[in-house]
Amino acid sequence: MSGQAAFLHRLRMGVLTSGSDATRQLGQELADCLPDDTVLALHGNLGTGKTTFISGLATGLGITRPVTSPTYNIYNLYRGRRQLVHLDAYRLEQADEAEGLMLEDLLESPWLLAVEWPERFSPEWLRRAWRLHFSFEGENERLIRLESDSR
Ligand SMILES: Nc1ncnc2c1ncn2[C@@H]1O[C@H](COP(=O)(O)OP(=O)(O)O)[C@@H](O)[C@H]1O
Ligand SMILES: [Mg+2]
């Protein structure tokens, strides 16, 4: 098994991280495993480490600008070896509002679209997404699992 395949296998089993650096490291490692033009859906409650994971992903894409949660806007755009669009749909009220963003016009291949609160979108829109699930296991522990059919 290649290093990447072994890593993905481990992530499909679920990885318990102790501390935000470990979560960032996991995100950084995943960056190399994702094909170009991938949607990554990050499921999980507030504080479970989704934004932390995306900051590691950004490092893995050669992005040096610090990743912060989109606040005034719904998404932030970063340029690295690929374009990273970090979309946080938390404050969107309904799916049609999300789909009105015209993201297709924004994305420049090769891109990676990382979506927090993907439940705000219709399932159709995200049918090709790689899905990650984040859960709280303790003050500094988070369980991070990749859905098995993501490829
Ligand atoms: N193992 C861990 N992984 C990620 N974050 C952790 C971990 N342990 C503690 N934390 C803390 O939990 C918070 C996670 O915040 P954030 O990444 O913004 O979550 P979300 O985007 O899911 O709301 C941060 O304050 C971070 O320092
Ligand atoms: Mg967040």
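Counting starts at 1 for both ligands and their atoms, in listed order. We count residues from 1, following the sequence as given.
- At the top of the distance list for atom 4 (C) of ligand 1, counting protein heavy atoms only, stands T23 OG1, 3.3 Å.
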Q. Hey, mind stepping through E147 and H43 against side-chain hydrogen bond (donor to acceptor under 3.5 Å, both in side chains) and telling me if it holds?
A. CA-CA 11 Å; E147 226 171 83; H43 297 267; 5.4 Å; no
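- With sequence neighbours excluded, the residues that form a side chain to side chain contact (heavy atoms under 4.5 Å, CB included) with Q25 are Q28, E29.
- Contacts between E116 and ligand 1, counted as non-hydrogen atom pairs separated by less than 4.0 Å, involve the side chain only.
- The protein heavy-atom contact nearest to atom 26 (C) of ligand 1 is S20 CB, 4.1 Å.
- F53 is connected to L8 through a chain of hydrophobic side-chain contacts under 4.5 Å among Ile, Leu, Val, Met, Phe, Trp and Tyr, so both are in one cluster.
- The nearest heavy-atom contact from the protein to atom 22 (O) of ligand 1 is K50 NZ, 2.7 Å.
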Extract all donor-acceptor atom pairs below 3.5 Å that involve side chains of residues 14-22 and protein atoms in other chains or at least two apart in sequence.
from	atom 1	to	atom 2	distance (Å)
T17	OG1	T23	OG1	2.7
T17	OG1	R142	O	3.4
D21	OD1	R24	NH1	2.7

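- Heavy atoms of L42 come nearer than 4.0 angstrom to ligand 1 in no pair at all.
- Atom 17 (O) of ligand 1 has its closest protein heavy atom at T52 OG1, 2.5 Å.
- Applying side chain to side chain contact (heavy atoms under 4.5 Å, CB included) to V39 and the options L34, L87, L113, V85 leaves one that passes, L113.
- Cluster membership for L11 and L143, using ILVMFWY side-chain heavy atoms within less than 4.5 angstrom, is not shared.
- In this structure, F121 and E119 have side chains that are not in contact, with every pair of non-hydrogen atoms separated by 4.5 Å or more.
- Atom 19 (O) of ligand 1 has as its closest protein heavy atom G49 N, 3.1 Å.
- Ligand 1 lies within reach of G19, whose nearest heavy atom is under 4.0 Å from it.
- Those atoms of ligand 1 with a heavy atom of E139 less than 4.0 angstrom away are 8 (N), 9 (C).
- At the top of the distance list for atom 18 (O) of ligand 1, counting protein heavy atoms only, stands T51 CB, 3.7 Å.
- In this structure, F7 places its CZ atom where more than 12 heavy-atom neighbours from other residues, nucleotides or ligands lie under 6.0 Å away.
- Scanning the protein heavy atoms around atom 12 (O) of ligand 1, the nearest turns out to be R142 NH2, 2.9 Å.
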Cut-off 3.5 Å, no hydrogens considered: what does the side-chain donor-acceptor table look like for residues 58-67, sequence neighbours left out?
from	atom 1	to	atom 2	distance (Å)
T59	OG1	S55	O	3.1
R65	NH2	L77	O	2.6

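- Cluster annotation: L30 and L42 are assigned to the same hydrophobic cluster (Ile/Leu/Val/Met/Phe/Trp/Tyr, side-chain heavy-atom contacts under 4.5 Å, transitive).
- Proximity to N45 (heavy-atom distance under 4.0 Å) selects the following atoms of ligand 1: 22 (O).
- Remark: Y90 OH is loosely packed, at most 12 non-hydrogen atoms of other residues, nucleotides or ligands lying under 6.0 Å away.
- Of all heavy-atom pairs between W130 and P35, the closest is CZ2-CD, 3.6 Å.
- Within the protein, the number of N, O or S atoms lying under 2.8 Å from the Mg ion (ligand 2) is 2.
- Using modelled atom types, one finds a donor on one side chain and an acceptor on the other under 3.5 Å when comparing S109 with D37.
- The option with the heavy atom closest to atom 8 (N) of ligand 1, from among I54, T48, N140, L46, is N140.
- Of all protein heavy atoms, the one lying nearest to atom 14 (C) of ligand 1 is G47 O, 3.6 Å.
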